[in-house]
Visitor: 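I have a structure here, written as structure tokens, and I will follow up with some questions on it.
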Protein chains: 2
Amino acid sequence: MNKIIPNISVDCVVFGFDSSGLKVLLRNRKLECPETGQLLINDHTITGFHVYEGEDLDSAAQRTLFNITGLTGIYLEQFYAFGSVERVNSEKEKCWRSYNNLGISDHVFSVGYLSLVDSTKIKPDQEHADVSWMPVDNLPELGFDHKEIIAKALERLRLKVRLEPIGFELLPEKFTLREMQELYECILGTSFDRRNFRKKIGQMKYVIPLNEKQKGVAHKPAQKYIFSRDVYERTKIEKLDFSI
Amino acid sequence: MNKIIPNISVDCVVFGFDSSGLKVLLRNRKLECPETGQLLINDHTITGFHVYEGEDLDSAAQRTLFNITGLTGIYLEQFYAFGSVERVNSEKEKCWRSYNNLGISDHVFSVGYLSLVDSTKIKPDQEHADVSWMPVDNLPELGFDHKEIIAKALERLRLKVRLEPIGFELLPEKFTLREMQELYECILGTSFDRRNFRKKIGQMKYVIPLNEKQKGVAHKPAQKYIFSRDVYERTKIEKLDFSI
DNA sequence: GCAAAAGTGTTGTACGTACACCCATGG
DNA sequence: CCATGGGTGTACGTACAACACTTTTGC
């Protein structure tokens, strides 16, 4: 049995995307008073775990991510460490810990990880009935400092998405240009001219059109595309010069 | 007296700049065998300290930075957390810890902070005789995983410097455009056309020319400039639109 | 007067932006 | 046949890249 390190954890902010926008994977946390049955806590948290003794941060994050999604090989990136004194010491968290204290310190440092998944790969199932996608622009009440952690993750996502083609991690393997445009629009909070957007994507040799179209839509079916990381890695060298 | 947290530290990568390039502030670490007097360890480290109980990460970083530079109000930014199992467990570090163990864990998680200082503000003095500026492109032997930490800090600096006007933190209050150009060239590893560079800076309203010139140089004296964070904050809103 | 860096303008190219119409499909 | 989104090209302006000569100072 692995022993946990009582004062160090990782927290994974898992982002997903569907036609209704950008989502975060949250777990519903409930605490009933054993005597009265009263709901003392009913909020949501991102998924985190304490790091095990002898374990790396990255391994702990992968483990956490696997536990919640059942998936491996998923985009995962460390983005910030949180260590404020109050983060597990609000009245609510003291209450939570008084019922669930498993040798956990009262000053837990947590390293935040950002993960991007194709939301169609995650089906809500019986094992994870308390887990669900929540819209990032309309979050429910959150535990700990998870509101802050999600905000910071989002900030990082917005930055990163402009510098590297990581947006594709949020799309199904085959996608249409409209889906791609909607994704970028909702991450960046802008809107793009459709013709200019398509022109720009057309220049990206690593976004490759397929001989495949949408089926069963009540309009002209859109062409599908795939992203090729290979082509990206081979062609990205060109853009290594900068301005200030 | 403050008690340290045995398994959590912060490490500050302090960057400076002078005419010979970009520098890191390093401390010489020496360990002599008490019996034979033989030098067991003679390398360099960035400055870090364990976090105290009841202390925030940011506070710990500020404290560390003050201890090494004697300065406050300096640019400081968290950039990455390091937690590999081996980072304090090489033969060398085991040896170091066997002579200097002050209740320090054998798996220390360290949060890396990046700091930028005007190197003319730091004078090597008697109190910090073991501290010196070392060129980032020619580092001496480093302890712990500090080579990796510095590399990651540098990567972050290169990214950040293109997105925000933080380069000025590395320059004296009053600087010439040549100094500024050299700074950007050596951080980004490129070179710029002088006329185009000056044209571009000319557009930045927050880089303000002074009625003051260089003195005592054997050529046409250059005009001095200052950076105004105020003007920057007021005018930066304009550039909040993006492309992919 | 010479060495060393400061300072200055023009032109071509590439890229971003703005904008309107026909096409294919399901119902 | 109609509603819905798919798909396409041109004209303009902005921003970046390339390039050479004159000026001021200390020695």
Side-chain angles (χ1 to χ4, degrees), chain A residues 18-21 161-163 165 171-172 174-186 188-205 207-226 235-236 238-244, chain B residues 18-21 161-163 165 171-172 174-186 188-205 207-226 235-236 238-244:
Chain A
D18 65 24
S19 55
S20 68
V161 94
R162 292 195 298 124
L163 304 172
L171 293 172
K174 301 173 181 183
F175 53 88
T176 66
L177 292 189
R178 159 170 292 252
E179 286 167 335
M180 185 174 164
Q181 181 171 350
E182 276 172 355
L183 171 66
Y184 276 85
E185 285 179 345
C186 93
L188 296 174
T190 25
S191 66
F192 299 106
D193 176 88
R194 202 162 84 252
R195 279 174 290 193
N196 293 336
F197 185 84
R198 300 171 76 89
K199 208 186 304 171
K200 187 155 192 170
I201 306 306
Q203 290 160 214
M204 302 174 177
K205 297 167 209 138
V207 180
I208 302 167
L210 298 173
N211 285 328
E212 193 178 330
K213 294 186 173 186
Q214 276 181 316
K215 290 276 177 192
V217 288
H219 53 78
K220 180 169 173 177
Q223 190 167 23
K224 296 224 170 184
Y225 289 76
I226 54 166
T235 54
K236 74 170 175 178
E238 302 165 15
K239 37 175 190 166
L240 276 179
D241 66 328
F242 295 126
S243 52
I244 299 178
Chain B
D18 66 24
S19 55
S20 68
V161 94
R162 293 194 299 122
L163 304 172
L171 293 172
K174 301 173 180 182
F175 54 88
T176 66
L177 291 189
R178 157 170 292 252
E179 287 167 333
M180 186 175 164
Q181 182 171 349
E182 276 172 355
L183 171 66
Y184 277 85
E185 285 179 344
C186 93
L188 296 174
T190 26
S191 67
F192 299 105
D193 175 88
R194 202 163 81 250
R195 279 174 289 192
N196 293 337
F197 184 85
R198 300 171 75 90
K199 209 184 302 170
K200 188 154 191 171
I201 307 307
Q203 290 160 215
M204 301 174 177
K205 296 168 209 137
V207 180
I208 302 165
L210 298 173
N211 285 328
E212 192 176 332
K213 294 186 174 185
Q214 275 181 317
K215 290 277 179 191
V217 287
H219 54 77
K220 180 168 173 178
Q223 190 166 22
K224 298 225 171 184
Y225 289 76
I226 53 166
T235 54
K236 73 170 176 178
E238 303 166 13
K239 38 174 188 167
L240 275 180
D241 66 327
F242 294 125
S243 52
I244 299 180

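The chains referred to below are lettered A, B, ... by the order of the sequence lines, with proteins before strands, and numbering in each begins at 1.
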Visitor: Any chance you could measure Arg194(B), atom CZ, to Leu177(B), atom CG, to the nearest 0.5 Å?
Guide: 10.5 Å

Visitor: Give the ring-plane orientation class for Tyr184(A) versus Phe197(A), where under 30° counts as parallel, over 60° as perpendicular and anything between as tilted.
Guide: tilted

Visitor: Could you tell me the separation between the CD1 atom of Ile201(A) and the C1' atom of dG7(D), rounded to a whole number of Å?
Guide: 15 Å

Visitor: How would you list, by chain and number, every residue that makes a side chain to side chain donor-acceptor pair (under 3.5 Å) with Ser20(B), sequence neighbours excluded?
Guide: Asp18(B), Lys23(B)

Visitor: Give, for atom CG of Asn211(A) and atom CD of Gln223(A), the distance between the pair rounded to the nearest 0.5 Å.
Guide: 7.0 Å

Visitor: Does dA18(C) have its OP1 or OP2 closer than 4.0 Å to a side-chain nitrogen or oxygen of Arg195(A)?
Guide: no

Visitor: Which part of the nucleic acid, if any, lies within contact of Arg178(A), taking any heavy atom under 4.0 Å across all strands shown: a base, the sugar-phosphate backbone alone, or nothing?
Guide: sugar-phosphate

Visitor: Throw together a table of side-chain donor-acceptor distances under 3.5 angstrom for residues 213-221 of chain A, partners on residues two or more places apart or in other chains.
Guide:
from      : atom 1 : to        : atom 2 : distance (Å)
Gln214(A) : OE1    : Ala222(A) : N      : 3.0

Visitor: NZ of Lys224(A) versus P of dG6(D): gap in Å, rounded?
Guide: 12 Å

Visitor: Suppose we screen for salt bridge (Lys or Arg N to Asp or Glu O under 4.0 Å). Which residues come up paired with Glu182(B), at least two apart in sequence or across chains?
Guide: Arg178(B)

Visitor: Looking at Arg194(A) and dG6(D), is any side-chain donor or acceptor paired with a base atom of the opposite kind under 3.5 Å?
Guide: yes

Visitor: Gln214(A) has an atom CD; how far is it from atom C1' of dT4(D), in whole Å?
Guide: 11 Å

Visitor: Tabulated below should be each protein N or O lying under 3.5 Å from an N or O of nucleotides 23-27 of chain C; please produce it.
Guide:
from    : atom 1 : to        : atom 2 : distance (Å)
dA24(C) : N3     : Lys220(A) : N      : 2.9
dT25(C) : O2     : Ala218(A) : O      : 3.4
dT25(C) : O2     : His219(A) : N      : 3.2

Visitor: Rounded to whole angstrom units, what separation is found between the CG atom of Asp193(A) and the C1' atom of dA20(C)?
Guide: 11 Å

Visitor: With sequence neighbours excluded, tell me which residues meet salt bridge (Lys or Arg N to Asp or Glu O under 4.0 Å) with Glu212(B).
Guide: Lys174(B)

Visitor: Nearest whole angstrom, please: distance from the P of dA18(D) to the CZ of Phe197(B).
Guide: 16 Å

Visitor: Show the numbers, then the answer: is there a side chain to side chain contact (heavy atoms under 4.5 Å, CB included) between Lys199(B) and Asn196(B)?
Guide: CA-CA 5 Å; Lys199(B) 209 184 302 170; Asn196(B) 293 337; 3.3 Å; yes

Visitor: Any heavy-atom pair between the side chains of Met204(A) and Ile201(A) that's under 4.5 Å?
Guide: yes

Visitor: Collect all protein-nucleotide pairs involving nucleotides 10-15 of chain D in which both atoms are nitrogen or oxygen and the distance is under 3.5 Å.
Guide:
from    : atom 1 : to        : atom 2 : distance (Å)
dT10(D) : O4     : Lys199(A) : NZ     : 3.0

